[in-house]
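What follows is a single structure, written as structure tokens, with notes after it.
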Amino acid sequence: MLRNNIQKVIEEAFRQGIAEGVLPDVPIPASHQVVSPKQEVHGDFASNLALITASEAKRSPRDLAGCLAKILEVNPLFHKVEVAGPGFLNFFVAATWWQENLRTIWGAGDSYGESLTGNGQLVHLEFVSANPTGPLHVGHGRGAAVGDSLARVLKAAGFSVETEYYINDIGNQMRTLGTSVYLRYLEHFGHDVEFPKDYYQGDYIHDIASIIVSREGNKYLDTPLESCLTSFIDTAVEIISSDIRKDLEEFRVHYDNWFSERTLHDSGLVDKTISELQDKGYMFEEEGALWFKATALGDEKDRVVKRSNGVLTYFASDIAYHRHKLERGYDLLVDIWGADHHGYVARVKAIIKALGYQEDKLQVLLVQLVNLLEGGKIRAMSTRAGEFVTLREVLDDVGSDAARFIFLTRRCDSHLDFDLDLAKRQSQENPVYYVQYAHARLSSVFRNAVEQGISLAEPQDIDISLLNTPEDIKLLKQLDALPCLVADAALALEPYRVSYYLTKLAGQLHGYYTRHRFITDNPDLTQARLLLAHVTRIVFRKGLELLGVSAPEKM
RNA sequence: CCGCCCAUGGCUCAACUGGAUAGAGCAGCGGACUUCUAAUCCGCAGGUUGCAGGUUCGAGUCCUGCUGGGCGGACCA
């Protein structure tokens, strides 16, 4: 986590320069950034401090940078500090520092990569929340991977996280679901029924009907729909929910809470919240319906909360649900939705404001749709027609590891082409194996070491200065970057960065592996390299764990 | 008609949120296994960042207007 140290060192040097009168007395802007430059010739880290203070200081950036460099170059952390380009400060870190850092990582062990960046702030993460009207499809899978991995990343970065699945277990579509099953139930007994097009068409409806048949026989045959609908709904929801949970479990997605929409109504919170918003003047009646004045809070339309037939809309539940979440005392709410729900963002933000909170209390991440490719062709997906590729199907086909990794290789607001053939292929083209293989190779090195009776010494007894080739230093730098990367990914709510990091680390490890041997004729060198291998393995395990992907010891 | 998202080598994507000469992986071509796993590595080639303006020391990134694609826009969910 050298980057943060360097930032502090630079800012201290700046204050020192002010005290000595060689630098102008201006504040350090919050936009001061220490970054690792794209180009190696620009050093290990670069600072833009001189550039961003120049105008306020009324001095040239290069002039300021020069003064800073003079103060900083005596620091033993650096072997070189230079002024470059328009006024960047480039820092070249001494090799001994990178080598020394190996012991730090060793000491941190499995907790390496974690930080206190989040300061224990409480984050609520809601994701997937698919209606229990059918199995999860690939799109939900992407949301699940993103949400679960984000939770892991946030925790590692020192946030407290609660994950939650919101279950829409009430309302119109529950009626439709129950009726769909009821009709299939009648069909089962040879009744000729007309099955409406906009009802749930999927095969799983037949399956549920069969289960009811085997459990309860024909007892509902002579019962009018109205008096048995509830039990059809309950059974359907029970079966579908439990399948959803099974799928998520196999996908290594964990939830702290399962939140039922029904409880919002039963507890009276929906009515209570609506009447409070009414008192605040955010509601009005028109044409017999009750409306939420969303346009007053940045939405483009006002939204119906209670229809003229007296039935509450889903939006009414959303209002109560978000109020419930807000009052549970989180510092931040994160909702992860499919991108097709983007039209909802403004109205939910309007709720947040109406309830008296800052709108940035809620961050909505929109996960773009997934194109599933098979044989080079896109498999079309339509939800109600029942023609969708389920998450279950993908899991059975390519496995949890490949699926999760692929879902987490792209920024979530970019469309994702999920190539089923590629995901199954065990080769270079498949990024999962590339990373996992790196971990397996390292594990294999240790198996060989044990066979040869070599065990790793205590780090303080190892001559780490032997790790001095360019490949060593590159690897050491990459290992150092993990905690910063995790912290950045957490703050940006972008778990995909971890997969990028790991792919790059794997590349470096594979390069190292072909060029150098870990177990050599020289016992001292072997110890140093085994320490490097050990620590690199720690980082792979950590990174893969953050993605929810396994780290196999053999492949 | 209105709103949101996207546009970067043949393909799929990066670019640390405004930084330096736009980087990877596939696919293509050429090389590397008597030594810890070749599910690997090394090299070559590939670009006016969709178009046109603007903002400033500096733009793939920000603002405006186009073009093309995706998704939304019910007292449906």
Side-chain angles (χ1 to χ4, degrees), chain A residues 3 31 33-39 41-42 46 48 51-52 54-55 60-61 84-88 90 131 133 168 171-173 176 198 286-291 299-301 303-315 338-346 366 368-369 371 373 383-384 409-411 413-417 419 422 425-438 440-449 451-452 481 484-485 488-489 491-492 494 496-497 500 503-504 506-507 509-520 526 529-530 533 554-555:
Chain A
R3 190 188 70 190
S31 57
Q33 269 189 332
V34 173
V35 300
S36 21
K38 293 172 198 162
Q39 309 245 345
V41 294
H42 294 139
N48 62 352
L51 285 162
I52 56 176
S55 65
S60 87
F88 287 101
N90 292 342
N131 300 334
T133 53
N168 296 101
N172 229 337
Q173 55 183 13
T176 308
D198 56 345
E286 198 176 282
E287 294 171 21
L290 186 65
W291 299 69
D299 196 5
E300 56 179 14
K301 281 178 184 165
R303 307 292 174 181
V304 171
V305 169
K306 188 184 269 183
R307 295 190 262 157
S308 51
N309 63 7
V311 177
L312 292 163
T313 62
Y314 280 82
F315 184 57
D340 51 337
H341 289 80
H342 71 253
Y344 267 59
V345 178
L366 297 173
Q368 275 294 349
L369 307 177
N371 289 323
L373 300 173
T383 29
R384 267 232 173 141
T409 48
R410 310 253 182 287
R411 244 177 32 212
D413 58 359
S414 77
H415 294 260
L416 173 65
D417 287 338
D419 188 330
L422 188 146
R425 220 170 296 158
Q426 302 196 349
S427 76
Q428 195 171 17
E429 300 155 72
N430 192 331
V432 199
Y433 294 113
Y434 188 74
V435 174
Q436 288 183 319
Y437 184 50
R441 275 184 143 178
L442 287 171
S443 305
S444 161
V445 167
F446 280 97
R447 279 195 299 273
N448 281 288
E451 246 171 55
Q452 297 175 37
C484 269
L485 174 105
D488 288 349
L491 292 170
E494 290 180 346
Y496 79 92
R497 294 187 190 196
Y500 258 87
T503 304
K504 190 172 170 197
L509 187 274
H510 288 312
Y512 193 98
Y513 190 95
T514 30
R515 204 163 294 197
H516 306 290
R517 295 187 57 77
F518 288 94
I519 301 170
T520 69
T526 301
R529 293 209 170 146
L530 282 181
K554 268 187 196 169
M555 288 175 72

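These numbers come from a predicted model, not from an experiment. Each chain gets a letter, A, B and so on, in the order the sequences are listed, and its residues count up from 1.
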Check every atom of C36(B), U40(B), G3(B) against the side chain of E300(A) and return the nucleotide holding the closest atom. G3(B)

Nucleotide nearest I519(A) when distance is taken to its side chain, options A77(B), C36(B), C57(B): C36(B)

To the nearest Å, how far apart are E451(A) CD and C36(B) P? 12 Å

How many Å lie between NE2 on H42(A) and P on G23(B), as a whole number? 11 Å

Taking the minimum atom-to-atom distance to the side chain of R515(A), which one of C42(B), C41(B), A20(B) wins? C42(B)

Is the backbone N or O of T520(A) less than 3.5 Å from a side-chain atom of T526(A), with the two atoms forming a donor-acceptor pair by type? yes

Most 5' of V34(A) and T520(A) on RNA chain B, judged by nearest nucleotide: V34(A)

Just by distance, no angles: are the side chains of N131(A) and Q173(A) close enough, under 3.5 Å, to form a donor-acceptor pair? yes

Please report the distance, rounded to the nearest Å, between CG in N309(A) and P in C75(B). 12 Å

Report yes or no: is the ring centroid of Y314(A) under 5.5 Å from the six-membered base ring centroid of A77(B), with the two planes under 30 degrees? no

Under 3.5 Å, is there an N or O donor on one side and an acceptor on the other linking the side chain of N90(A) and the base of A20(B)? yes

Exam field: side chain T313(A) to backbone V305(A), donor-acceptor pair closer than 3.5 Å: yes

If each of K301(A) and T514(A) is mapped to the nucleotide of RNA chain B with the nearest heavy atom, which maps nearer the 5' terminus, i.e. the 5' end? T514(A)

Take nucleotides 4-13 of chain B nucleotide by nucleotide from the 5' end and write B, S or -, depending on whether a protein heavy atom sits under 4.0 Å from the base, only from the sugar-phosphate, or from neither. BSS-----SB

Considering only atom C1', compute the distance from G25(B) to A14(B) and round it to an integer number of Å. 10 Å

Tell me the interatomic distance from H510(A), atom NE2, to G25(B), atom P, rounded to whole angstroms. 12 Å

Between the side chains of Y512(A) and R529(A), does any donor sit under 3.5 Å from an acceptor? yes

Measure OH/Y437(A) against C1'/A38(B) and give the value in whole Å, please. 6 Å

Rounded to the nearest angstrom, tell me the gap between atom CZ in R441(A) and atom C1' in C33(B). 11 Å

If we take the C1' atom in both C5(B) and G9(B), what is their distance in whole Å? 24 Å

For A339(A), does its backbone N or O pair with a side-chain atom of H342(A) as donor and acceptor, under 3.5 Å? yes

So, is R307(A) near the phosphate of C76(B), with a side-chain N or O under 4.0 Å from OP1 or OP2? yes

Whole-Å distance separating the OH atom of Y434(A) from the C1' atom of A39(B): 11 Å

To the nearest angstrom, the CZ-C1' distance between R517(A) and U40(B) comes to 15 Å

Please confirm whether R303(A) makes a cation-pi placement over F315(A), using NZ or CZ under 6.0 Å from the six-membered ring centre and within 45° of the ring normal. no

For the base of G72(B) and the side-chain ring of H341(A), does the geometry meet a stacking cutoff of under 5.5 Å between centres and under 30° between planes? no

Ignoring hydrogens and angles, are the base of C75(B) and the side chain of S308(A) linked by a donor-acceptor pair under 3.5 Å? yes

Given pairs defined as Watson-Crick or G-U wobble with both distances under 3.5 Å, what dot-bracket annotation applies to RNA chain B, with ( ) intrastrand, [ ] crossing, | other strand and . unpaired? (((((.(..((((.....[...)))).(((((.......))))).....(((((..]....)))))).)))))....

